[in-house]
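Just so you know, these numbers come straight off a predicted model, no measurement behind them.
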Amino acid sequence: MNEDVFNASLRGFLKKVGITSQREVEKAVREAVASGRLKGNEKLPAKVVLTIAGVNLVHDISGEIELG
C-alpha cells in the first residue's frame with residue numbers, strides 16, 4: 001500500500017463529505033425555518049454513519065447541531 005496515495009485519497013473523500021454535508025444541512029435547516037417547521041433556536045440531534053465496504057467498517061458519529 002502506498003501511504004501517500006492512501007492518505008491523499010482519504011483526505012479528499014473526507015473533505016468532500018464535510019463540504020457537501022454542510023451544504024445539505026444548511027439548506028435543510030434554512031428551508032425548515034422558512035416554512036415554520038423550526039423556530040431557529042432548536043438543538044437538533046445529528047448522526048452520521050460511515051461505512052466502508054471491503055474492511056467491514058461501520059462507524060457511527062453522533063452529536064448535536066445548535067441553531068441559536
Side-chain angles (χ1 to χ4, degrees):
M1 178 171 75
N2 183 317
E3 290 290 335
D4 291 334
V5 171
F6 172 57
N7 187 274
S9 180
L10 180 57
R11 287 181 180 271
F13 173 74
L14 293 174
K15 183 176 180 179
K16 181 178 180 180
V17 168
I19 291 169
T20 56
S21 297
Q22 182 173 348
R23 284 185 194 141
E24 290 301 314
V25 170
E26 288 173 345
K27 179 181 171 187
V29 167
R30 287 189 178 107
E31 288 174 359
V33 170
S35 71
R37 288 180 288 137
L38 292 175
K39 294 178 183 175
N41 60 353
E42 293 87 349
K43 292 182 181 180
L44 305 174
K47 178 179 178 181
V48 172
V49 180
L50 173 65
T51 58
I52 300 179
V55 295
N56 297 322
L57 174 66
V58 177
H59 181 69
D60 294 347
I61 304 165
S62 296
E64 191 173 71
I65 299 171
E66 186 174 349
L67 303 185

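A donor-acceptor contact shorter than 3.5 Å is absent between the side chain of Gln22 and the backbone of Thr20. The backbone N or O of Val5 sits nowhere less than 3.5 Å from a side-chain atom of Ser9 that would complete a donor-acceptor pair.
Leu10 and Leu57 fall within the same hydrophobic cluster, defined by Ile, Leu, Val, Met, Phe, Trp and Tyr side-chain heavy atoms under 4.5 Å apart, directly or through other members. Both Leu14 and Phe6 belong to a common hydrophobic cluster when Ile, Leu, Val, Met, Phe, Trp and Tyr are linked at side-chain heavy-atom distances under 4.5 angstrom. Tracing side-chain contacts under 4.5 Å through hydrophobic residues (I, L, V, M, F, W, Y), one reaches Val55 starting from Phe13; they form part of the same cluster.
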Q: Please step through side chain to side chain contact (heavy atoms under 4.5 Å, CB included) for the pair Leu44 and Val25, ending with a clear verdict.
A: CA-CA 11 Å; Leu44 305 174; Val25 170; over 6 Å; no
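Atom-to-atom distance recorded for Asp60:CG and Thr51:OG1 is 10.0 Å, nearest 0.5 angstrom. The CD1 atom of Ile61 lies 6.5 Å from the CG atom of Leu50; values are rounded to the nearest 0.5 Å. For the atom pair Leu38 CG and Arg30 CZ, the distance stands at 13.0 Å (nearest 0.5 Å). Once rounded to the nearest 0.5 Å, the distance linking NZ of Lys16 with OG of Ser21 reads 11.0 Å.
Here the shortest heavy-atom pairing between Ala46 and Ile65 reads CB-CD1, 3.9 Å.
Dense packing is recorded around CD of Glu26, with more than 12 heavy atoms of other residues, nucleotides or ligands lying under 6.0 Å away.
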